[in-house]
S.K.: 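Please find one structure pasted underneath; my questions will follow.
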Amino acid sequence: MSNKIDIDWENLGFSYIKTDLRYVSVWKDGKWDDGVLTEDNLLHISEASTALHYGQQCFEGLKAYRRKDGIVQLFRPDQNANRMNNSCKRLLMPEIPVEKFIDACKQVVKANDHFVPPYGTGATLYLRPFVIGVGDNIGVKPAPEYIFCVFCVPVGPYFKGGMKPVNFTIADYDRAAPHGTGAQKVGGNYAASLYPHELAVKRGFADCIYLDPATHSKIEEVGAANFFGITHNNEFITPNSPSILPSITKYSLLYLAKEYLKLDVYERDVLIDNIDEFKEAGACGTAAVITPIGGIEYKEKLHVFHSETEVGPITKKLYDTLYGIQLGDVEAPQGWIVEV
Ligand SMILES: *Cc1c(COP(=O)(O)O)cnc(C)c1O
């Protein structure tokens, strides 16, 4: 185990690094065991595991932040626990008690304390909880056993040298079906998104925007992030649909837009043909907090919002407020912060 590490925090990317310890718990004979921390980063599972063949698996993503006073905190981990349980229910996997989920995250952060980046570097510790169906099985049915694991990786600031808007195009493909698993954080949705993502990147865009799979007339997701827009009347708008993954960042921004910025907020349809109703737009998720959207290419035309190079003022204010809360610099609403 390394006690001294030499990491260039400011220049970290988003790549796998083997940290010291990860948490592993096994579900067998109808119950979860207590879980252990282990140095072993390899899983030894049956070749017939449902996770490998039928996509019976789900995951989460959250971060630990080191505050100015050195204390490390998690941002709304109960929300990740609830969302993971929703994914588990949909795929007939056993749920994880919320307390067990939060305790596992805390154990992993504590055990890898020297991998938690210092305050002020822009780097954070990314936590990846996941549940997989394992054990001997060949028919299409739920697995006989499950593994719940949490590992962590230090990750760099998403935007090196400050936030910058990027452009998106509209995907020709769907990431989820109207009544499929779009609202659950399951690997299958991501497998389906790899190809459209690559097509968008090859054409010079950051990623693609997915429209609603039933009518292809409404914005749903921006790559693997949620969409929000600020109208010319200063309303915060975010799409409402059963096939959108409910982003914790998005719901946090919606709350802050209303309570801290005093904007009117609405979850409603966002018609791609009415995209010019917005003066600012962004993609939101744990990785970047907010990625400002410069423009969206639709029907061979680039619709630019605030600017292709500058971040809009409301987007900037939302970002500063939420990131300030995550870092412990801005007072958080009740229950949002869990100290490790
Ligand atoms: C994880 C995820 C998000 C972002 O959710 P956060 O809880 O804000 O990190 C958005 N869209 C998709 C498809 C996702 O998988």
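Treat the numbers as computed from the prediction; the structure is a model and nothing was measured. As the structure lists them, so they are numbered: ligands from 1, and atoms in each ligand from 1.
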S.K.: If you count heavy atoms of other groups shown closer than 6.0 angstrom to NZ of K316, is the number above 12?
M.R.: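 Counting other residues, nucleotides and ligands, NZ of K316 stays at 12 neighbours or fewer.
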
S.K.: Out of K185, Q184, R76, E60, who gets a non-hydrogen atom closest to atom 14 (C) of ligand 1?
M.R.: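 Nearest heavy atom to atom 14 (C) of ligand 1 lies in K185.
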
S.K.: With a cut-off of 4.0 Å, which atoms of ligand 1 are near a heavy atom of N226?
M.R.: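 Within the 4.0 Å cut-off of N226, ligand 1 contributes 10 (C), 11 (N).
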
S.K.: Could you tell me the residue and atom name of the protein heavy atom closest to atom 3 (C) of ligand 1, and the distance to it rounded to 0.1 Å?
M.R.: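 Answer, as residue, atom name and distance: A224 O, 3.5 Å.
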
S.K.: Distance under 4.0 Å to a non-hydrogen atom of A225: what atoms of ligand 1 satisfy this?
M.R.: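 Atoms satisfying the 4.0 Å criterion: 10 (C), 11 (N).
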
S.K.: What do you reckon, does R83 put a non-hydrogen atom under 4.0 Å from ligand 1?
M.R.: yes

S.K.: Write out the residue and atom name of the closest protein heavy atom to atom 11 (N) of ligand 1, then the distance separating them to 0.1 Å.
M.R.: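 It is E221 OE1, 2.9 Å.
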
S.K.: Salt bridge or not between D103 and K110? Use side-chain N to carboxylate O under 4.0 Å.
M.R.: no

S.K.: Please determine which of Y119, Y323, Y65 meets the side chain to side chain donor-acceptor pair (under 3.5 Å) test together with D329.
M.R.: Y119

S.K.: One pair to check against ring pair (Phe, Tyr, Trp, His ring centres under 6.0 Å): F227 and F168. What are the steps and the verdict?
M.R.: CA-CA 12 Å; F227 175 88; F168 294 86; 9.3 Å; no

S.K.: May I ask you to check whether G285 has an N/O atom sitting below 3.5 Å from an N/O atom of ligand 1?
M.R.: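 Checking ligand 1 against G285, no N or O pair falls under 3.5 Å apart.
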
S.K.: State whether the shortest distance between N or O atoms of T249 and N or O atoms of ligand 1 falls below 3.5 angstrom.
M.R.: yes

S.K.: Might you confirm whether atom NZ of K68 has over 12 heavy atoms from other residues, nucleotides or ligands at distances under 6.0 Å?
M.R.: no

S.K.: Between L254 and E267, is a side chain to side chain contact (heavy atoms under 4.5 Å, CB included) present by the stated rule, with each step listed?
M.R.: CA-CA 9 Å; L254 188 115; E267 271 190 286; 4.2 Å; yes

S.K.: Considering non-hydrogen atoms of the protein only, which is the closest contact for atom 15 (O) of ligand 1, and what is the distance?
M.R.: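 Here the closest protein heavy atom is Y190 OH, 2.4 Å.
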
S.K.: Can we say E297 and R203 salt-bridge, meaning some charged N sits less than 4.0 Å from an Asp/Glu carboxylate O?
M.R.: yes

S.K.: Among all protein heavy atoms, pick the one closest to atom 9 (O) of ligand 1 and tell me residue, atom and distance.
M.R.: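 Going by distance alone, atom 9 (O) of ligand 1 is nearest to T286 OG1, 2.5 Å.
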
S.K.: Pull out every atom of ligand 1 sitting under 4.0 Å from any heavy atom of R175, numbered as shown with elements.
M.R.: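 In order of number, 13 (C).
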
S.K.: Mind checking whether F148 and Y23 have parallel, tilted or perpendicular rings, split at 30° and 60°?
M.R.: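 Geometry flag for Y23 against F148: perpendicular rings.
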
